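The structure under discussion appears below in the form of structure tokens.
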There are 2 protein chains.
Amino acid sequence: MTSVYQTHDHHHCISEALQEARTLCQRSGARLTHLREKVLELVWQSHRPIGAYDILAELAKQEERVAQPPTVYRALDFLMEQGLIHRLSSLNAFIGCPHPGKKHNGCFLICQNCRVTQEIEHQAINQSIASCATDQGFKITDAAIELTGLCSNCQEAQE
Amino acid sequence: MTSVYQTHDHHHCISEALQEARTLCQRSGARLTHLREKVLELVWQSHRPIGAYDILAELAKQEERVAQPPTVYRALDFLMEQGLIHRLSSLNAFIGCPHPGKKHNGCFLICQNCRVTQEIEHQAINQSIASCATDQGFKITDAAIELTGLCSNCQEAQE
DNA sequence: CGCGCTTTAGTTATAATATAACATCTTTGA
DNA sequence: TCAAAGATGTTATATTATAACTAAAGCGCG
Ligand SMILES: [Zn+2]
Ligand SMILES: [Zn+2]
Ligand SMILES: [Zn+2]
Ligand SMILES: [Zn+2]
């Protein structure tokens, strides 16, 4: 089995993500400013989660003005509010959402070797979690499901 | 519906957790030193996750010597290795494991109002996650499932 | 346009969480 | 009793995140 992201045109991922972000923001009246779009682009520079300070470092390379942490965190907060990116709390890092625009609880498969991270929508997981919450009389507002391990690629490589 | 932890003898929880820790460590040859046991006791002071620096502050109150961060983090690392506590990455905090001694992927229900956190073993969740991983050819080594929301108690209180 | 209001970004400082590196003490077992 | 391993102490610093205030940009309205 090979990874979904082993061979693909990643420029396509980026441009699609940016285009969809523009569309969604226009629709909702949110202002996708230059800075915010730039940060989104940097988050999408790979399928690996990226830390706020890594984004800051990239911004320093690519932009005129040298940004400070609050600038980056505010852009990230905006992008999270718009559902364009997710924060992975087990890594203190951020990753682009491949299907923004609809509410969802992603389940993340994080490879500890290559760090490539895949967001999955899995019905059975969502259902079992919902029923677990119901059993306990618990009302979920946010679900963080972060699975760390080895992706299929990296398993093969280790054989 | 009322919370599991609404009315109970919490001294019993603490002493049971400490006793079980002693037994498990003796069995495995791990050294549950005074410091480590003290930190475990502090983690168990409630059913709410506690941060490393809160533990540090408690230690400062209760012990002769004033400990430094590495001291606390090392004790926490030990307790995690022994499976006696879990770290909740969405809170940067730690909580005692109610059923240590056997490998398990806990699922945590974290109340955002009262902060009481319950660890659940849920077969359907474990199964759906295992099948999700299988589908993707992903080999899980660690699963963090942290569900934030309102416990039954706090829902009642808000009505 | 020109003025005020709101939103966004810049700036400075600091909080909160976590670890590196090395020194010292304690336990253990030969 | 002594050497090795393990645990803790100590100092410094890395990493992640936010508070608080200032300045600039965008927007609506007369
Ligand atoms: Zn791609
Ligand atoms: Zn998503
Ligand atoms: Zn209790
Ligand atoms: Zn547990």
Side-chain angles (χ1 to χ4, degrees), chain A residues 21-22 25-26 28-43 48-60 62-82 84-95 110 115 144 146, chain B residues 21-22 25-26 28-43 48-60 62-82 84-95 110 115 144 146:
Chain A
R22 285 183 209 110
C25 286
Q26 195 153 44
S28 72
R31 284 162 60 187
L32 187 63
T33 61
H34 169 71
L35 175 71
R36 289 164 172 177
E37 187 172 324
K38 188 69 202 174
V39 169
L40 180 59
E41 187 188 330
L42 288 172
V43 169
R48 298 175 172 86
I50 184 172
Y53 280 76
D54 295 327
I55 292 170
L56 197 57
E58 283 299 316
L59 276 180
Q62 299 184 18
E63 302 283 287
E64 305 286 321
R65 296 168 164 279
V66 176
Q68 296 301 315
T71 300
V72 170
Y73 280 102
R74 281 188 293 230
L76 290 169
D77 286 345
F78 169 85
L79 295 170
M80 280 194 289
E81 274 164 24
Q82 302 303 313
L84 297 169
I85 64 173
H86 297 290
R87 180 172 189 273
L88 297 175
S89 61
S90 63
L91 296 176
N92 293 334
F94 303 82
I95 193 160
I110 305 166
R115 303 192 344 274
E146 302 178 18
Chain B
R22 285 182 208 110
C25 286
Q26 195 153 43
S28 71
R31 284 162 61 185
L32 187 63
T33 61
H34 170 72
L35 175 70
R36 288 163 173 177
E37 188 171 324
K38 187 71 204 173
V39 170
L40 181 59
E41 188 189 330
L42 289 172
V43 169
R48 297 175 172 86
I50 184 172
Y53 280 76
D54 295 327
I55 292 171
L56 197 56
E58 284 298 316
L59 277 179
Q62 300 184 17
E63 301 283 286
E64 304 286 322
R65 296 168 164 280
V66 176
Q68 297 301 314
T71 299
V72 170
Y73 279 102
R74 281 189 294 230
L76 290 169
D77 285 345
F78 170 86
L79 296 170
M80 280 194 288
E81 274 165 24
Q82 302 303 314
L84 298 168
I85 64 173
H86 297 290
R87 180 172 189 275
L88 297 175
S89 61
S90 64
L91 296 176
N92 294 333
F94 302 83
I95 192 159
I110 306 166
R115 302 191 346 274
E146 302 178 19

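Chain letters run A, B, ... following the sequence lines, proteins first, then strands; residues in each count from 1. Since this is a predicted model, take the numbers as computed values, not measurements.
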Parsed dot-bracket for DNA chain D after applying the Watson-Crick and G-U rules with both distances under 3.5 Å and | for other-strand partners is ||||||||||||||||||||||||||||||

Atom CD of residue position Q26(B) - does it have more than 12 heavy atoms of other residues, nucleotides or ligands inside 6.0 Å? no

Nearest-angstrom distance from the residue atom NZ of K38(A) to C1' of dG10(C): 19 Å

Please state whether the phosphate of dT18(D), meaning OP1 or OP2, lies under 4.0 angstrom from any side-chain nitrogen or oxygen of Y73(A). no

N/O (side chain, T71(B)) to phosphate O (OP1/OP2, dT10(D)) under 4.0 Å: no

What integer distance in Å separates M80(B):CE from dT19(C):C1'? 13 Å

Return the value, rounded to whole Å, for the distance between atom CD1 of I50(A) and atom C1' of dT16(D). 14 Å

Among the nucleotides dT18(D), dA7(D), dT17(C), whichever has the atom closest to the side chain of P69(A) is dT18(D)

Show me the donor-acceptor pairs within less than 3.5 Å that the side chains of residues 68-78 of chain B make with the rest of the protein, sequence neighbours left out.
none

Grab the CG-C1' distance between L76(A) and dA17(D) for me, whole Å please. 11 Å

Nearest to the side chain of P70(B), which nucleotide is it out of dT17(C), dT10(D), dT8(C)? dT10(D)

If a pair satisfies salt bridge (Lys or Arg N to Asp or Glu O under 4.0 Å) and one of its residues is in residues 28-37 of chain B, list it, with sequence neighbours excluded. R22(B)-E37(B)

Among the nucleotides dG10(C), dA18(C), dA17(D), which one has an atom lying closest to any side-chain atom of L35(A)? dG10(C)

For N92(B) and dA18(C), is the shortest distance between a side-chain N/O and OP1 or OP2 below 4.0 Å? yes

Rounded off to whole Å, could you give me the CD-to-P distance for the E64(A) and dG10(C) pair? 12 Å

So, taking the atom named CG in L42(A) and the one named CD in Q62(A), what distance separates them when rounded to the nearest 0.5 Å? 5.0 Å

Should R48(B) and I95(B) count as side-chain neighbours, where that means a heavy-atom distance under 4.5 Å? no

Confirm from the modelled atom types if R74(A) and dG10(C) form a donor-acceptor pair under 3.5 Å, side chain to base only. yes

Gap between atom CG of L79(B) and atom CZ of R87(B) - 0.5 Å precision: 14.5 Å

R31(B), nearest nucleotide to its side chain (from dT28(C), dT10(D), dT16(D)): dT28(C)

Y53(A) (side chain) and dA17(D) (base): donor-acceptor pair under 3.5 Å: yes

Would you kindly give the CD-to-C1' distance between Q68(B) and dA18(C), to the nearest whole Å? 14 Å

Whole-Å distance separating the CG atom of D54(A) from the P atom of dT15(D): 10 Å

Are any non-hydrogen side-chain atoms of L32(B) and Q82(B) less than 4.5 angstrom apart? no

Residue mapping more 5' on DNA chain C - nearest nucleotide basis, R87(B) or A75(A): A75(A)

Side chain of F94(A) - closest among dC27(D), dA17(D), dT28(C): dA17(D)

Round to a whole Å and report the spacing from CG of L59(B) to P of dT10(D). 14 Å

Quick check for you: to the nearest 0.5 Å, what is the distance between I55(A) atom CD1 and I50(A) atom CD1? 5.0 Å

